[in-house]
Number of protein chains: 2
Amino acid sequence: MSTAPSESRAESRPYHHGDLSRALVDAARKILETDGPAALSLRAVAREAGVSPAAPYHHFKDKAELLEAVAHEGWHELDEALAKARASADGDHGRMSDLGVAYVCFARDNPALYRVMYDRSRDKDALPDQMKEGGAYCQVRDTLAEHADNGVAEIDLELATIAAWCAGHGLAEMIGFKQFAALKTQLGGEEAFLRAVFEHLGMFAKFARD
Amino acid sequence: MSTAPSESRAESRPYHHGDLSRALVDAARKILETDGPAALSLRAVAREAGVSPAAPYHHFKDKAELLEAVAHEGWHELDEALAKARASADGDHGRMSDLGVAYVCFARDNPALYRVMYDRSRDKDALPDQMKEGGAYCQVRDTLAEHADNGVAEIDLELATIAAWCAGHGLAEMIGFKQFAALKTQLGGEEAFLRAVFEHLGMFAKFARD
DNA sequence: AAGATTATCTTGACGGCGTTCAGATTGGTG
DNA sequence: CACCAATCTGAACGCCGTCAAGATAATCTT
């Protein structure tokens with residue numbers, strides 16, 4: 001009576017609610033953006049989606065599985081951000097540092113989402129599955145390969161990709177630290193700071209090689 | 001009566017329990033090692049220490065403050081590990097990679113503790129205070145300075161230290177990932193893998209510089 | 001030495017959490 | 001239309017962080 005169930009809801013609308021899984025993921029992301037990871041309880045997500053606390057259990061085995069879905073979306077969007085950065089690189093054939101900057105900026109702009117993404121990875125002791133297809137990891141490797149066009153050993157490419165990924169992730173987690181504020185302004189902004197750090201990785205690598 | 005309060009307990013033994021703050025931190029670390037970060041509840045810590053759930057509140061303002069104390073200890077031990085690695089470097093005057101390996105190995109051997117350490121840092125958006133005195137951060141910077149003995153700009157040293165720290169942290173968080181297992185055995189062990197990744201940072205840095 | 005003071009710890013309670021289960025409701029199928 | 005399976009609700013369990021009130025014990029004052 002009072003509730004009109006014939007709301008034109010996208011396409012599938014499989015049952016009562018109309019794609020509740022989708023709504024739950026959206027609600028989770030909204031809470032993440034608004035109130036941060038600490039406020040992301042399963043009950044709060046259900047509340048935000050307008051269902052009872054037990055409803056999510058018909059779509060996700062537990063809280064971890066919902067977060068997994070959120071993280072999956074995050075990785076997908078990171079892939080897109082990197083692809084865009086690679087396509088519109090301001091250099092000749094896609095500067096490596098543009099990828100790094102895009103990666104860190106994604107983490108800076110979506111801190112809570114990025115945290116969920118990595119927390120899930122750590123709990124599984126594994127990189128996300130996407131990386132084995134055409135995901136972010138492969139994009140980094142391919143860009144590295146483009147630069148070193150005159151033949152690089154497979155293993156060197158793999159190790160360099162891992163190295164780049166570690167540097168990017170490390171910087172992504174620390175970009176917001178207060179201690180770097182002075183250095184950022186001194187270098188003329190956050191992006192300049194990022195590029196500078198990436199470029200100074202070589203100094204460490206050189207000394208690590210003795 | 002039944003409880004003998006005159007147990008010779010170290011030195012201070014200020015009140016009823018005898019340095020409960022200390023016992024709480026120890027209990028927290030024991031739980032961390034045994035059952036991981038997910039099991040680290042304030043009530044469990046109190047249980048482990050043999051006191052009521054409310055007792056910790058007379059020594060720590062809340063759970064976060066207890067974790068802060070645990071993290072503080074962790075940073076201190078990391079400092080010591082790095083200092084030891086720096087002192088007993090197998091190279092001429094302290095190889096840079098020995099520091100990196102020591103850092104990552106500390107994280108690998110104390111995964112739960114390392115996670116608490118960094119989670120606390122992220123919540124404060126700041127590196128731990130120790131780093132400003134003679135802590136791990138300064139050790140990395142000093143070692144870098146030793147290698148580049150013929151005068152390096154202050155800012156380059158700072159940026160290289162940050163770069164090294166990011167790489168170390170990134171690798172520390174990923175060292176356990178399953179995807180790297182094959183590569184590790186192929187390179188002859190985990191330590192060789194670590195050194196190889198560190199050395200390949202230069203490849204990324206070179207391309208980042210264009 | 002005795003009383004007052006202060007720090008420490010316990011008990012009990014509150015609301016929120018993740019999760020489960022029995023039962024109500026509803027969409028799809030024969 | 002009757003049935004079935006999928007979906008959702010309501011209530012409950014045990015755990016959590018935290019707080020307030022009271023008991024207990026060490027320290028301080030005199």
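Worth saying up front: this structure is predicted, and the values here are computed from it rather than measured. Residue numbering restarts at 1 for every chain, and letters A, B, ... go by the order of the sequence lines.
- For D/dC16, one of the phosphate oxygens OP1 or OP2 lies less than 4.0 angstrom from a side-chain nitrogen or oxygen of B/R47.
- Residues A/F204 and B/F198 place their aromatic rings such that the two centres sit under 6.0 Å apart.
- When side chains are defined from C-beta on, A/R86 counts as touching A/D142, because their heavy atoms get closer than 4.5 Å.
- The distance from atom CG of B/D62 to atom P of D/dA20 is 14 Å, rounded to the nearest whole Å.
- Of the charged side-chain nitrogens involved, at least one lies within less than 4.0 Å of a carboxylate oxygen, so that A/D26 and A/R22 count as a salt-bridged pair.
- Mapped onto DNA chain C by nearest heavy atom, A/H58 and B/R43 fall at different nucleotides, with B/R43 at the one closer to the 5' end.
- One atom, CD of B/E48, and another, P of D/dC16, lie 13 Å apart when rounded to the nearest Å.
- Atom NE2 of B/H59 is surrounded by more than 12 heavy atoms from other residues, nucleotides or ligands within 6.0 Å.
- Counting to the nearest Å, the P atom of D/dT24 and the CG atom of B/L20 are 19 Å from each other.
- The CG atom of A/L42 sits 13 Å away from the C1' atom of C/dT20 (whole-angstrom rounding).
- The NZ atom of A/K63 sits 16 Å away from the P atom of C/dG16 (whole-angstrom rounding).
- In this structure, A/S52 does not reach the D/dG10 phosphate: none of its side-chain N or O atoms is under 4.0 Å from OP1 or OP2.
- When the side-chain nitrogen and oxygen atoms of A/H59 are compared with OP1 and OP2 of D/dA6, none of them lie within a distance under 4.0 Å.
- Mapping B/A54 and A/L40 onto DNA chain C by nearest heavy atom places B/A54 closer to the 5' end of the strand.
- As a whole-Å value, the separation of B/D19 CG from C/dT8 P is 10 Å.
- One atom, CG of B/L66, and another, P of D/dT18, lie 10 Å apart when rounded to the nearest Å.
- For the pair A/Y57 OH and C/dG23 C1', the interatomic distance rounds to 19 Å; values are reported in whole Å.
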